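These notes concern the structure reproduced below.
Everything numeric here is computed off the predicted structure, so don't read it as measured data.
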Amino acid sequence: MNWKTLTSEEQLSDINAASAHQPVVIYKHSTRCSISSMAKARLERSAVPEGLTFYYLDLIAYRPVSNKIAEIYHVQHESPQVLVIRNGECVYNESHGGIVMDEIVARAGV
């Protein structure tokens with residue numbers, strides 16, 4: 001897994017722009033949560049498909065970014081949480097044990 005680190009609200013504009021060309025995945029991770037660690041490890045063990053960019057957000061360190069994600073994509077904050085962004089909109093979000101690569105790929109359409 002080749003994570004891009006998400007650390008600022010400004011990067012969300014870049015994500016929106018990039019999502020016009022290919023889907024973008026945002027994974028919100030709590031470094032204090034064993035379920036987050038399990039979900040992250042499950043993603044990292046999966047084959048990463050071509051045509052998807054994965055962003056990693058440490059929501060403990062960057063909680064304002066997490067809050068902004070909830071606001072602009074109209075999703076309730078959860079942890080762990082994965083969002084698929086296409087054309088600047090969240091087309092899929094899932095949390096906890098529901099975070100699986102096959103479903104992310106299916107919803108991203110790649």
- Message: Quick check: is I72 connected to V24 through a chain of hydrophobic side chains (ILVMFWY, heavy atoms under 4.5 Å apart)?
- Response: yes
- Is a side-chain donor-acceptor pair under 3.5 Å present for K28 with S66? yes
- Side-chain heavy-atom pair V84, I104 within 4.5 angstrom cut-off: yes
- Query: Any side-chain heavy atom of C90 within less than 4.5 Å of one from H74?
  - Reply: no
- Report yes or no: does S30 contribute a side-chain atom to a donor-acceptor pair with the main-chain N or O of S36 at less than 3.5 Å? no
- Could you pull out the closest heavy-atom pair between A108 and L52, with the gap in Å? CB-CD2, 3.7 Å
- Assess K40 against Y56: is NZ or CZ under 6.0 Å from the centre of the six-membered ring, and within 45 degrees of the ring's axis? yes
- Specify the closest pair of heavy atoms between L43 and Y27, including all atoms of both residues, with the distance to one decimal. CD1-CD1, 4.0 Å
- Query: When rounded to the nearest 0.5 angstrom, what is the spacing between OH in Y55 and CD1 in I26?
  - Reply: 8.5 Å
- Query: Say you draw a straight line from NE2 of H77 to CG of L59; how long is it, rounded to the nearest 0.5 Å?
  - Reply: 5.5 Å
- Is there a donor-acceptor contact under 3.5 Å from the side chain of S95 to the main chain of E78? no
- I99 side, atom CD1; R42 side, atom CZ - distance, nearest 0.5 Å: 7.5 Å
- Which atoms form the tightest heavy-atom contact between S79 and H96, and what is the distance? O-NE2, 3.2 Å
- Query: Are the side chain of Q11 and the backbone of T7 linked by a donor-acceptor contact shorter than 3.5 Å?
  - Reply: yes
- Message: Can you see whether N16 engages Y73 through a side-chain donor-acceptor pair at a distance of less than 3.5 angstrom?
- Response: yes
- Determine, using the 4.5 Å side-chain heavy-atom cutoff (strictly less than), whether V110 and W3 are members of one ILVMFWY cluster. yes
- Message: Working to the nearest 0.5 angstrom, can you tell me the gap between H21 NE2 and N87 CG?
- Response: 9.5 Å
- Working for side-chain contact (heavy atoms from CB on, under 4.5 Å), residues L12 and E10: CA-CA 5 Å; L12 298 175; E10 291 76 24; over 6 Å; no
- Atom of V105, atom of P49 and distance for their closest heavy-atom approach: CG2-CG, 3.4 Å
- Straight-line distance of Y62 OH to E9 CD, nearest 0.5 Å: 12.5 Å
- Common cluster, V65/L83, ILVMFWY with side-chain heavy-atom separation under 4.5 Å: yes
- Query: Are V75 and V91 joined in one hydrophobic group, where the rule is that I, L, V, M, F, W and Y side chains link up if heavy atoms are under 4.5 Å apart?
  - Reply: no
- Message: For the backbone of R86 and the side chain of E89, can you confirm whether one donor and one acceptor N or O come within less than 3.5 Å of each other?
- Response: no
- Task: Starting from the C-alpha separation in whole Å, work towards a yes-or-no answer on side-chain contact (heavy atoms from CB on, under 4.5 Å) for V48 and M1.
- Result: CA-CA 7 Å; V48 179; M1 176 72 65; 3.9 Å; yes
- Message: Please report the interatomic distance CG(L57) to CD1(I69), rounded to the nearest 0.5 Å.
- Response: 5.0 Å
- Query: Taking C-beta and beyond as the side chain, do K4 and L6 meet within less than 4.5 Å on heavy atoms?
  - Reply: no
